[in-house]
Amino acid sequence: MKMKILLINHYAGSPSMGMEFRPYYFAKEWIKKGHHVDIISANYSHLRRVNPSVKKDFQRENIDGINYYWIKTNNYDKNGVKRSLTMFEFITKLWIHSKWIVDNLKPDVVICSSTYPLDTYVGQRIRKISKKPVKLIHEVHDMWPISPIEIGGMSPKNPFIMLMQRGEDSFCKHSDKVVSLLPAAKEYFIKHGMDSNKFRHISNGIVLEEWEHYEKIPFAMSERLKAEKEKGKFVLCFFGSIHKTYNLDILIRAVKKIRQPILVCFIGSGLDKCELQKMTKGFEDKFIFFDPISKTSIPDLFNYIDATFVGAKSQKIFRFGICMNKLFDAMMGGKPILYMVDAPNNYVNQYDCGITVAGQDEKSLVSAIEELMSLNQDKINCMGENGREAARKDFSYPKLAQKFLDVMMEE
């Protein structure tokens, strides 16, 4: 059965615009299967590099076969009142125009996928006024409102948080299915009214085409990394936002204690980059910082490194699981992963594609680095291939998109 799928995501992007990419990747795969996909999103998102030029609500733009309908909202600088107002602006406009959506887009499936849970009310209204059966799926990216409470320090009695809590309770009770990027959130949602049989876990993943057709990393970077490897150094790489929240300060302190020849290369930008660079003073032979590279160059990077580091400061919110895009890239890169994240889902252990360090213990990280560097080439190759095979088999977007389609077709 060919379906008309409507995906509502306030922050949906595309490769040309920037994050977030998940709606685009899924839509592309669903279209390949013969389904029709419409995405409704806001014209402004802090996640995108480039935002569309929009003159009116529901302005249509076709991107690679996907119909994007843009809702005109105000801009904002960062988290705060202005961003909150754009949420209400986006949802209110969709609520008011629900009949237009039903009459013109005629969805068979509505996926409510914004970070915050208020879009469930729009999905429920579309289902109610539609003359044909509509399946309503709520997709959970982040745990709202518990994330702004535990991470942002907001009070549960804050009116904004109380409103978000009502939205979460509502999607738990009224959605036909709940799809979560976080695998261990099921019991939490059950406590908020979800039937246990509604929960499905579908992670992020990798786009195979991006690993078959990619750009070279900058020439100066490749030459420097080749030169360091020719000196006999083990090259450990971190790519992404340069923040201490990813345990990069612990990594630097640990590497300073390594006596074997090693180079840690940091690729990216971020608020803590200058501070972390200062931490490496006097140890310039062990550390190097590069500017960010394009996402399309990540596959080539793995031709010049020996392993990757993926870390995150321990947080209570991780009890629901974690879904880091850089981990799937690291797995697909085919090199061992040094993993320093405390979460119930540990793909590095599950697929034997690296070494895990529990907690944030510097001494344990030193031991893990030394263990990684002592592995023979056969074991290194085996770990790398384990990660790559898992990425292809279980975390490629064609597989994930089919998994999502199966959820849509369930009774």
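Ion pairing between a basic and an acidic side chain is recognised when a charged N comes within 4.0 Å of a carboxylate O; E275 and K278 show no such pairing. Ion pairing between a basic and an acidic side chain is recognised when a charged N comes within 4.0 Å of a carboxylate O; D406 and R200 show no such pairing. In summary, D108 and K132 engage in a salt bridge, as defined by a charged side-chain N under 4.0 Å from a carboxylate O. A salt bridge is defined here as a Lys NZ or Arg NE, NH1 or NH2 lying under 4.0 Å from an Asp or Glu carboxylate O, and D249 with K313 meets this definition. A salt bridge between E150 and R319 is present, with a side-chain N of the basic residue lying under 4.0 Å from a carboxylate O of the acidic one. Ion pairing of D38 with K106 is absent here, as no side-chain N (NZ or NE/NH1/NH2) approaches a carboxylate O to less than 4.0 Å. A salt bridge between D352 and K379 is present, with a side-chain N of the basic residue lying under 4.0 Å from a carboxylate O of the acidic one. Salt bridge E228/R224: present, at least one basic N to carboxylate O contact under 4.0 Å.
Here M332 contributes atom CE and L208 contributes atom CG; the two are 5.5 Å apart, rounded to the nearest 0.5 Å. If you take CG on L301 and OH on Y214, they are separated by 11.0 Å, rounding to the nearest 0.5 Å.
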* Worked check of side chain to side chain donor-acceptor pair (under 3.5 Å) between Y397 and E210 -> CA-CA 11 Å; Y397 268 101; E210 292 180 355; over 6 Å; no
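Other residues, nucleotides and ligands contribute over 12 non-hydrogen atoms within 6.0 Å of the CE atom of M409.
Note: F199 and F189 have tilted aromatic rings, judged against thresholds of 30 and 60 degrees for the angle between ring planes.
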